[in-house]
Protein chains: 2
Amino acid sequence: MAPKLAAQARREFEPPEAEAGPEGALLDLSHLSSIVGYPLRRAQMAVFEDFARRFQPLDLTPAQYSTLSTIGDNPGRNQSEIAAALGILRPNFVAMMDELERRGLAERTRSGVDRRSNALALTPTGRELLTRARVVQGEQEAAIEDILGRGEREALVEALRKLATLA
Amino acid sequence: MAPKLAAQARREFEPPEAEAGPEGALLDLSHLSSIVGYPLRRAQMAVFEDFARRFQPLDLTPAQYSTLSTIGDNPGRNQSEIAAALGILRPNFVAMMDELERRGLAERTRSGVDRRSNALALTPTGRELLTRARVVQGEQEAAIEDILGRGEREALVEALRKLATLA
DNA sequence: TATTGTTATACTCTATAACTATA
DNA sequence: TATAGTTATAGAGTATAACAATA
């Protein structure tokens, strides 16, 4: 159950601000790597790539995972509410729900109170998959903690949450 | 010179793990906001939106800024080297250079040593724009420091750099 | 044979306008 | 009149294959 895959090959030293070229000559990236935006993007890409590898057996993208998780924790909410909470535009959320429904993971139920809206819920299959997905997600989190340590990982999450209030 | 715009309206409290819906009912997002990947993506989007606003007068995207900065700090390198350092695929970097050249910000010079490759450099105009862009970038960094404080901002950059070694 | 720059192309994400059915 | 879901569509960003020129 405990993930051992992750803490293996770690670069022990790296030239702090440079990137290796083909013949070994290094590029100066100091201006970029000292500001928040650039390493933020690189980290996001790395974490999502790692996510893709781990979730390949479950066939879930980050967006699908976050949708399943949010529906599971908020059953009965409609599409607009779930989409808005996840920062997904309503038009783009339609195909998302089409696919989850096609795979038998989630259901839309035309609400009796307001017949315009679709109450969303997970199917039993969807709940099972979400349970398994959260285990896999926990493994990624453990891999991150192997790199950062518990305290720095928690500090990172807190800093990122504050950063999200910038825009 | 010091940016005062940023530290103004900050949410003083927020329900730690929930999102407001239209009628005020809150969604449970606790499972997502406690893992790294989700706030990482939200923070990245927020920082890039803020970047887009600040750089609208200079008409620079994050990718264009990082390209200008890297060429400026590494003049004479060829397209493959600059693109690889920035994680941009060579085919996609062609249009990037086309546009920077069209705007008179950068130049490709067919190398004498290896006539396959284009040595890249900034034009005087490009150097001027880069100087101005770094001032704007410094303002974003100051705005982030208004939110996080100096120490937490530096800790964030360090954590993000480590995270990028995950994939 | 391998590499640099390039073209063509495709696939995903994201964004906007407009329709329909309900309210 | 406004809202929920939907369709159509357009634009980024990102990915791969293949070609010409050069090594």
Side-chain angles (χ1 to χ4, degrees), chain A residues 21-25 37-38 41-42 44-46 48-49 51-52 55-56 59-67 71 76-102 106-120 167, chain B residues 21-25 41-42 44-46 48-49 51-52 55-56 59-67 71 76-102 106-120 167:
Chain A
E23 352 87 12
Y38 185 74
R41 173 172 166 269
R42 301 303 288 250
Q44 207 253 320
M45 291 184 54
F48 271 46
E49 272 175 47
F51 184 102
F55 279 83
Q56 200 165 339
D59 193 25
L60 286 180
T61 65
Q64 287 172 327
Y65 172 70
S66 59
T67 301
I71 296 176
R77 296 303 188 123
N78 65 33
Q79 292 187 196
S80 296
E81 291 175 308
I82 300 288
L86 295 173
I88 301 173
L89 292 171
R90 276 62 85 214
N92 298 332
F93 197 65
V94 174
M96 167 95 274
M97 286 309 305
D98 286 348
E99 175 67 5
L100 295 181
E101 216 168 25
R102 191 194 64 77
E107 282 175 337
R108 308 185 234 218
T109 310
R110 216 79 208 186
S111 165
V113 242
D114 183 341
R115 298 216 318 281
R116 290 173 300 183
S117 59
N118 290 332
L120 303 185
Chain B
E23 350 90 9
R41 173 172 166 269
R42 300 304 289 251
Q44 208 253 320
M45 291 182 55
F48 270 47
E49 272 175 47
F51 183 103
F55 278 83
Q56 199 166 339
D59 192 23
L60 286 179
T61 65
Q64 287 171 328
Y65 172 69
S66 59
T67 300
I71 296 176
R77 297 303 190 123
N78 65 32
Q79 292 187 195
S80 296
E81 291 175 308
I82 300 289
L86 295 174
I88 301 174
L89 292 170
R90 274 63 84 214
N92 298 331
F93 197 64
V94 174
M96 168 94 274
M97 285 309 304
D98 285 348
E99 175 66 5
L100 294 181
E101 217 167 25
R102 191 194 63 77
E107 283 175 335
R108 310 184 233 217
T109 310
R110 216 81 208 185
S111 164
V113 241
D114 182 341
R115 297 215 321 279
R116 290 172 300 181
S117 59
N118 291 332
L120 303 185

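Computed from a predicted model, the values in this text were never measured in an experiment. So that the names make sense, note that chain A is the first sequence line, chain B the second, and so on, each numbered from 1.
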J.: Between the protein and nucleotides 19-23 of chain D, are there any N/O to N/O pairs under 3.5 Å, and if so, what are the atom names and distances?
T.:
residue : atom : partner : partner atom : Å
D/dA23  : OP1  : B/R115  : N            : 2.8

J.: Does the protein touch nucleotides 7-18 of chain C at the base, only the backbone, or not at all? Give it as B, S and - per nucleotide, heavy atoms under 4.0 Å.
T.: BB-----BBBB-

J.: Expressed as a whole number of angstroms, how long is the span from A/R77:CZ to D/dG5:C1'?
T.: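 Whole-Å distance recorded here is 18 Å.
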
J.: Using side-chain heavy atoms (C-beta onward) and a distance below 4.5 Å, is B/F48 in contact with B/T61?
T.: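 In short, these two side chains do not touch, never coming nearer than 4.5 Å.
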
J.: Send over the distance from B/R110 CZ to C/dG5 P, rounded to a whole Å.
T.: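 Taking CZ of B/R110 and P of C/dG5, I get 7 Å after rounding.
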
J.: For A/A106 and A/I71, work out which heavy atoms get closest and say how close.
T.: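 Heavy atoms only, the tightest pair is CB-CD1, 4.5 Å.
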
J.: Looking at B/A85 and A/R42, what are the two nearest heavy atoms and their distance?
T.: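 Minimum heavy-atom contact is O-NH1, 3.4 Å.
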
J.: For A/Q79 and D/dT3, what is the distance between atoms CD and P respectively, to the nearest whole Å?
T.: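 Atom CD in A/Q79 sits about 17 Å away from atom P in D/dT3.
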
J.: A/A46 and B/A167: which non-hydrogen atoms are nearest, and at how many Å?
T.: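 Shortest heavy-atom separation between A/A46 and B/A167 comes out as O-CB, 3.4 Å.
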
J.: Taking C-beta and beyond as the side chain, do B/L120 and B/L100 meet within less than 4.5 Å on heavy atoms?
T.: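 Not touching, per the 4.5 Å side-chain cut-off.
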
J.: Mind listing the closest non-hydrogen atom pair of B/F51 and B/P62 along with its distance?
T.: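 Between these two residues, the closest heavy atoms are CE2-N, 3.3 Å.
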
J.: Take atom CE of B/M96 and atom P of D/dA12, then tell me their distance rounded to the nearest Å.
T.: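 Computing the B/M96:CE to D/dA12:P distance gives 12 Å.
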
J.: Tell me: CZ of A/R108 to P of D/dG5, nearest whole Å?
T.: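 That distance rounds to 9 Å.
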
J.: When you measure from the side-chain N and O atoms of A/S80 to the phosphate of D/dG5, is any distance below 4.0 Å, counting only OP1 and OP2?
T.: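 Checking A/S80 against D/dG5: at least one side-chain N or O falls below 4.0 Å of OP1 or OP2.
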
J.: Would you indicate whether the side-chain heavy atoms of B/Q44 and A/R41 approach each other to under 4.5 Å?
T.: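 SC-SC contact between A/R41 and B/Q44 confirmed.
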
J.: Indicate the atoms forming the closest heavy-atom contact of B/N118 with B/R108, along with that distance.
T.: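 Taking every non-hydrogen atom into account, ND2-CD, 3.5 Å.
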
J.: Write down the distance between CZ (B/F48) and P (D/dA12), rounded to a whole number of angstrom.
T.: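 So the two atoms are 16 Å apart, to the nearest Å.
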
J.: When the distance from CG of B/N118 to C1' of C/dT6 is rounded to whole Å, what number comes out?
T.: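 B/N118 atom CG is separated from C/dT6 atom C1' by 10 Å.
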
